[in-house]
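When a ligand or atom number is given, it counts from 1 through the structure's own listing order.
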Amino acid sequence: MLITYDEFRVRADGVMAEIAAACAAAGRDPREVSLLAVTKTHPAAAADYAARYGLAAVGENRVQEGVEKRAQTTAAVRWELIGHLQSNKARLAAEHFDRVQSVDSEKLLRLLDRAAGELGRTLPVLLQINAGRDPAKFGAELEDAPALLAAALALPHLRVDGLMTIAPLSEDPAVAMNTFANLRELRNRLAAATGTSLRELSMGMSGDFAAAIAAGSTQVRIGTALFGSRT
Ligand SMILES: *Cc1c(COP(=O)(O)O)cnc(C)c1O
């Protein structure tokens, strides 16, 4: 059951206030941090809520679910894929998503580039990095990131906006803080080495977004705090 729009608005106001507070504490301009509404498992109306509230983008973690919902709404939002992408869904993802955040292999890069070329478009992507060295998480290893970025930059139909990570689940807040610091340091190194800005750092979820903003996040991906728990 999706919450009502009024309930969503109260929750979204609360999240926006927390983002503003985290930015203030870090001496950052809140306009540097965007809020991606994670609508996975919720009906397409969740994307309508996001649009009505004025959010620019929603995140889905499964290709098929995102494609189906997108067809059910005219919500003026961008759709971003944030979940693991299988090779056999690369073409569908390139066709129906405005950006793919979960690119973690050269194989996926090549498949997405080819599909984007055939579709006559440039596909924005983020490289997903396992910056917390979590055996349970997808994402390229920190050591493999330079080669992955070099491969991405060589492909004509992809545009690399930056990096994405998911912090390991942990009781210890230091684990998420270290993960986010790792991603920011990696971005700074790669940007300097390649002369690209890699501006986007997609990091932070409902439980850890303040720490992510302190570490330099430019996009927090929030589901639970906006829509309630996923049952
Ligand atoms: C589900 C999901 C989120 C949102 O998680 P919440 O804890 O509900 O805010 C963010 N990023 C990814 C990759 C997800 O799969």
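- Looking at every heavy atom in both residues, Arg199 comes nearest to Glu32 through NH2-O, 3.4 Å.
- Using a non-hydrogen distance threshold of 4.0 Å, Arg230 registers as a contact of ligand 1.
- More than 12 heavy atoms of other residues, nucleotides or ligands lie within 6.0 Å of CG in Leu119, so this atom counts as buried by the packing criterion.
- The nearest heavy-atom contact from the protein to atom 8 (O) of ligand 1 is Thr224 OG1, 2.5 Å.
- The N/O atoms of Ile222, backbone and side chain alike, include none that comes under 3.5 Å of an N/O atom in ligand 1.
- The side-chain tip of Arg11 does not point at the ring of Phe227 from less than 6.0 angstrom away and within 45° of straight on.
- The nearest protein atom to atom 11 (N) of ligand 1, hydrogens excluded, is given as Arg221 NE, 2.9 Å; this is a heavy-atom distance.
- Considering backbone and side-chain N/O of Ser206, one or more are found under 3.5 Å from N/O of ligand 1.
- Around atom CZ of Arg62, no more than 12 heavy atoms belonging to other residues, nucleotides or ligands sit under 6.0 Å away.
- Taking a cut-off of under 4.0 Å to the non-hydrogen atoms of Ile166, the atoms of ligand 1 that pass are 13 (C).
- In terms of protein heavy-atom proximity, atom 10 (C) of ligand 1 is closest to Met205 SD, 3.4 Å.
- The nearest heavy-atom contact from the protein to atom 13 (C) of ligand 1 is Ile82 O, 3.4 Å.
- Only the side chain of Lys40 comes within contact range of ligand 1, with a heavy atom under 4.0 Å; no backbone atom does.
- Looking at Asn130, its side chain never comes within 3.5 Å of a backbone N or O of Ala140 through a donor-acceptor pair.
- Using a 4.5 Å heavy-atom threshold, the side chains of Gln128 and Ile166 count as touching.
- The environment of CZ in Arg91 is crowded: more than 12 heavy-atom neighbours from other residues, nucleotides or ligands sit within 6.0 Å.
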